Amino acid sequence: MSDATTSLTRGQRLAALFAFGVITTSAAALAVEPGSAAPARVVTGKVVRPAGPAWVDHAVFYQIYPQTFFDSNGDGVGDLPGITAKLDYVKSLGVSAIWLNPFVDSPFRDAGYDASDFYMVAPRYGTNEDARRLFAEAHKRGMRVIFDYVISYTSIDHPWFKASCDPKPNKYSNWFVWTNGTWYAGWDLPKNRAGFIQGYCERDAQYLSNFFWHQPALNFGYAHPDPASPWQLPTNHPDVLALKEELKNMLRFWLDMGADGFRADMAGSLVKNDDGNETSKFWKELRELMDREYPGRFMVSEWSDPKAATAGGFHADFLHWFQGYDDLFQKEAKRRFGNDGHSFFDVEGLGDISHFLKIYLDQYDGSRARGYVALPFSNHDLTRIKNNGRTDRDIEVIFAFALTMPGTPFVYYGEEIGMRQLDNLPHTEGSYGGRAGDRTPMQWTSGVNRGFSSASPERLYRAVDTAADAPNVAAQEQDLSSLLNKAKALIRLHNDEPALAAYAEFVPVYAQKDKYPFAFVRANGKDRLLVVLNPAGREASATFPLTYASQKPALIAGSGSATLAAQDVTVKLPGASYAVFRVNATR
Ligand code: NOJ
């Protein structure tokens with residue numbers, strides 16, 4: 001098969017296309033064969049706890065985008081001292097860990113996902129000493145910090161790539177994927193040229209990019225090198241091995257400084273022409289390294305294939321680059337890209353949880369013995385959930401869902417106060433496709449620049465939400481009925497309930513095509529919770545069996561009723577609401 005067509009993994013190609021809104025239909029669905037019947041599920045209370053750090057069992061992560069969280073020096077851009085200054089706020093949310101988006105030096109053509117120095121904090125964010133202090137201050141408050149480990153490519157400004165561009169062979173010549181000639185046509189031009197960049201520098205060759213054209217792929221080798229294309233190096237080529245050692249050292253550098261683990265960017269895209277196995281081998285080596293040298297640290301991937309990612313040693317994997325994810329919260333938001341359809345978490349009540357669930361369960365079942373599914377509500381690539389007219393009440397239902405599902409929840413900064421997706425902002429630093437509108441500055445107060453920065457508004461990294469009703473932290477902290485306080489209560493619930501441990505059993509008990517509500521049981525031994533979600537704007541009720549002896553369901557969060565008759569439960573929920581009932585086993 002042609003090298004170029006298969007040089008990125010399927011998941012990776014889909015992720016890239018999804019990010020740009022190119023794929024908007026079920027073509028991107030993670031495949032679950034049509035007709036594959038969901039196995040019958042009963043609540044047993046039996047749990048399988050995957051190997052990994054105990055602090056993750058009930059952890060909630062908070063994702064911070066450094067450039068837009070808090071600007072401590074008034075230059076218009078958020079920075080690391082700014083994050084440190086806000087750690088008490090982060091702690092007050094009840095979260096146990098922070099994921100920091102990239103903070104190393106970069107030309108910022110992809111907002112820092114394009115490193116030019118893997119070992120140095122970008123001056124706009126501060127210094128390495130600021131990073132060390134941030135880690136230490138988080139630890140003092142009992143929180144962990146993971147960093148973004150972006151190793152599938154560098155920026156074109158990285159000294160390794162500059163050296164690799166040199167026609168004279170040197171240590172870095174093979175650290176990136178280069179063909180044998182600029183006019184190399186060993187494959188069917190132009191059909192298969194995607195990703196190969198011609199004419200960039202003096203070296204008479206094309207380099208393979210791994211995302212934007214200016215992000216040349218680091219060379220992890222080819223799983224099945226084509227003998228007719230000798231530039232395709234095997235995964236055990238000495239230069240590939242040398243690169244991998246250097247990347248391990250870079251990991252040690254940040255872990256030694258105090259980071260508690262990492263989020264691996266585009267984790268499935270390292271080895272080319274791979275069915276996943278060779279890429280997994282590398283990550284497994286890293287897991288062994290972590291277990292041996294840094295026990296208790298955590299690794300989560302951006303792979304969107306938890307089965308593959310946990311087989312590769314990850315403790316958790318983000319599952320969001322698939323069409324079923326849109327079915328949850330994002331479809332309406334994407335209508336402007338020509339998408340149609342409805343999401344389940346919307347008052348119009350026209351969504352379908354069953355499509356999402358089928359794909360989710362396939363991944364959950366196939367990974368739960370080894371690790372967790374992380375199902376973000378949104379992030380710096382996705383639309384904020386406050387879109388399409390959603391209210392705080394609707395957002396609360398989404399929080400209830402995200403904090404009661406299995407695995408490790410991640411809250412993107414600002415979602416806890418209901419920050420809005422802003423439309424029609426100019427693209428900067430590669431924020432195409434709506435990404436500009438979900439990366440706006442954190443809203444701390446109702447004052448100038450919403451308390452994000454003391455710079456004049458035109459100097460801000462990105463415009464703040466200036467609407468009169470833009471939510472802010474200061475106001476919501478004072479208001480007991482605010483989304484912020486409701487989100488905190490749900491985070492506490494997640495932290496405290498044994499049945500909400502990341503590994504606790506998950507059994508959907510009511511999930512009908514095109515119907516509301518959605519109900520599931522989480523169970524950990526005799527501790528059991530029945531979670532019912534009704535995002536639709538109208539009342540919803542359902543009757544289903546709970547096939548173990550239980551005490552009368554007791555409402556512990558949300559609103560609604562549940563009655564038990566023989567072994568059937570009937571639940572009734574008002575519009576746009578959720579309910580969590582204790583349904584512990586009595587034997
Ligand atoms: C995934 C990151 O989340 C995204 O922001 C970035 O643009 C791509 N990887 C490429 O680095």
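Since the model is a prediction, treat every value here as computed from it, not as a measurement. Whatever order the structure lists them in is the order used to number ligands and atoms, beginning at 1.
- Residues satisfying the side-chain contact (heavy atoms from CB on, under 4.5 Å) criterion with Y119, sequence neighbours excluded, are D117, E246, N249, M250, F253.
- With Y149 contributing its side chain and L247 its backbone, the two residues share a donor-acceptor pair below 3.5 Å.
- The side-chain tip of R384 points at the ring of Y413 from less than 6.0 angstrom away and within 45° of straight on.
- Residues meeting the side-chain contact (heavy atoms from CB on, under 4.5 Å) test with S343, sequence neighbours left out: K331, E332, D346, R390.
- In terms of the side-chain contact (heavy atoms from CB on, under 4.5 Å) criterion, residue partners of T310 (sequence neighbours excluded) are, by chain and number, S367, R370.
- Remark: R203 is not positioned above the aromatic ring of F176, lacking an NZ or CZ atom under 6.0 angstrom from the ring centre and at most 45 degrees off the axis.
- For a heavy-atom separation below 4.0 Å, the residues in contact with ligand 1 are D110, Y113, Y153, F211, R263, D265, M266, E302, H380, D381, R435, R439.
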